[in-house]
Amino acid sequence: AAGTDPEDDQSVPNLPPTAITLEGAQISENMPADSLVGQLHVTDPDDPEGTGAYFLEILGPDENATLPFQVDGEGRLVTSESLDFEHLDLYEITVRATDAGGLSLEATFAIEVLDVERPMIGSLQVQQDGGVYFASAYTQTPERAPLTERGVIVSDQANAQPGDEGTRIIAASLDGNSFTVEVTGLTQDEKQYLRGYAISEEGIAFGRTTAVIPSGDSEEQSKNPFAG
């Protein structure tokens, strides 16, 4: 009951909630706003079936502080912005549950932000077929941070990165764990460097650099000793 009802001699005084529980308390970094953290549940002696309505709110450590979480209309704890593991990997939040009679209870929970690793890419395998060059590589990335781009960097510099002067990108399909691209635009008898790359929301990874010197139907190919 939501309080003593003078017109109902069977009514009893309203009692406050006795427990707040959170089912799920982890979230991967870089997830978009409104991503699910967990489901909140309220235990109330006046609501044995757990079907009552409660006002759920998140309290900051002080009046001016805001936390990157909110409670949606279904009682789920969700993010209000993307979280960064490197910035903060553990949040402490206090949830207040208020019943229809205005009585409330507070509970504190620790929310863990999970680190997501950068992608990995293997060294390029370069082959020539009838004067046409192909470069292949294997990539691997965590499920929580899928690849957004991968391919081959072609440059006159040994350890070039996208955007460097004298550098161009040959983008590859994101299908599968490996890719192969045709390397076009190579200049005959001029050493050029090929380097695989893979990008996710967590950053960019590079493979070892391979140097090629197109010369007729043959190639001189060697690993760059300064490649990372």
Side-chain angles (χ1 to χ4, degrees), residues 1-5 8 11-120 139-150 174-177 198-205:
T4 301
D5 184 351
D8 181 2
S11 67
V12 295
N14 179 45
L15 297 175
T18 55
I20 305 172
T21 56
L22 176 62
E23 184 180 349
Q26 294 180 328
I27 180 73
S28 297
E29 65 174 334
N30 299 327
M31 296 293 287
D34 293 326
S35 292
L36 176 66
V37 178
Q39 178 69 52
L40 289 161
H41 300 279
V42 179
T43 301
D44 190 326
D46 298 316
D47 180 27
E49 301 298 325
T51 58
Y54 300 90
F55 177 63
L56 297 168
E57 57 185 322
I58 296 175
L59 307 178
D62 58 63
E63 293 183 358
N64 298 319
T66 57
L67 293 169
F69 304 97
Q70 58 190 9
V71 181
D72 69 9
E74 298 179 358
R76 303 183 308 170
L77 180 67
V78 299
T79 59
S80 58
E81 61 186 61
S82 181
L83 305 180
D84 182 4
F85 173 87
E86 284 71 25
H87 172 69
L88 190 62
D89 62 357
L90 191 69
Y91 288 86
E92 186 176 279
I93 67 168
T94 298
V95 177
R96 177 188 291 160
T98 304
D99 67 14
L103 299 182
S104 64
L105 177 72
E106 296 177 6
T108 299
F109 305 97
I111 307 300
E112 181 182 8
V113 181
L114 302 178
D115 191 19
V116 178
E117 297 179 354
R118 292 186 178 188
M120 295 186 293
T139 59
Q140 185 176 354
T141 186
E143 183 178 350
R144 296 191 298 267
L147 290 180
T148 57
E149 184 180 338
R150 66 181 178 180
L174 295 176
D175 295 334
N177 293 327
I199 300 175
S200 73
E201 292 182 348
E202 271 301 287
I204 185 169

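Excluded from the calculations below are hydrogen atoms, water molecules and symmetry mates; all remaining heavy atoms, backbone and side chain alike, are included. By convention here, the first residue in the shown sequence is residue 1.
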Spatial distance of atom [atom1] ([X]) from atom [atom2] ([Y]) [nearest 0.5 Å]:
{"X": "Ile204", "Y": "Glu149", "atom1": "CD1", "atom2": "CD", "answer": "7.5 Å"}
{"X": "Leu114", "Y": "Asp89", "atom1": "CG", "atom2": "CG", "answer": "9.5 Å"}
{"X": "Asn14", "Y": "Asp47", "atom1": "CG", "atom2": "CG", "answer": "10.5 Å"}
{"X": "Glu106", "Y": "Ile58", "atom1": "CD", "atom2": "CD1", "answer": "12.5 Å"}
{"X": "Ile93", "Y": "Leu77", "atom1": "CD1", "atom2": "CG", "answer": "4.5 Å"}
{"X": "Thr141", "Y": "Glu201", "atom1": "OG1", "atom2": "CD", "answer": "10.0 Å"}

[X] side chain to [Y] main-chain N or O, any donor-acceptor pair under 3.5 Å?
{"X": "Thr148", "Y": "Ile199", "result": "yes"}
{"X": "Thr79", "Y": "Ser35", "result": "yes"}
{"X": "Gln39", "Y": "Gly75", "result": "yes"}

Fill in: Full working for side-chain contact (heavy atoms from CB on, under 4.5 Å) between Tyr54 and Leu105
CA-CA 11 Å; Tyr54 300 90; Leu105 177 72; over 6 Å; no
Discussion item. Between Arg76 and Val37, does the side-chain contact (heavy atoms from CB on, under 4.5 Å) criterion hold? Intermediate values first, please.
Written reply: CA-CA 8 Å; Arg76 303 183 308 170; Val37 178; over 6 Å; no
Contacts under 3.5 angstrom, residues 16-26 side chains, donor-acceptor by atom type, not counting sequence neighbours:
from, atom 1, to, atom 2, distance (Å)
Thr18, OG1, Thr43, O, 3.4
Glu23, OE1, His41, NE2, 3.2
Gln26, NE2, Glu112, OE1, 2.8

Close side-chain approach of [X] to [Y], heavy-atom, < 4.5 Å:
{"X": "Val113", "Y": "Tyr91", "answer": "yes"}
{"X": "Leu36", "Y": "Asp72", "answer": "no"}
{"X": "Glu29", "Y": "Glu86", "answer": "yes"}

Smallest separation among heavy atoms of [X] and [Y], with atom names:
{"X": "Leu147", "Y": "Pro119", "value": "CD2-CB, 3.5 Å"}
{"X": "Ser104", "Y": "Thr98", "value": "CB-OG1, 3.4 Å"}
{"X": "Ile27", "Y": "Met31", "value": "CD1-CG, 4.1 Å"}

Fill in: For Glu92, all residues meeting side-chain contact (heavy atoms from CB on, under 4.5 Å), sequence neighbours excluded
Thr108
Discussion item. Tell me every residue that passes side-chain contact (heavy atoms from CB on, under 4.5 Å) with Ser82, counting only those two or more places apart in sequence or in another chain.
Written reply: Asn30
Discussion item. side-chain contact (heavy atoms from CB on, under 4.5 Å) for Asn177 and Gln140? Distances and angles first, verdict last.
Written reply: CA-CA 6 Å; Asn177 293 327; Gln140 185 176 354; over 6 Å; no
Discussion item. Between Glu202 and Arg118 (salt bridge meaning N to carboxylate O under 4.0 Å), is one present in this structure?
Written reply: no
Practice prompt. Please assess Val71 against Glu57 for the test side-chain contact (heavy atoms from CB on, under 4.5 Å), listing each intermediate value before the final yes or no.
Written response: CA-CA 7 Å; Val71 181; Glu57 57 185 322; over 6 Å; no
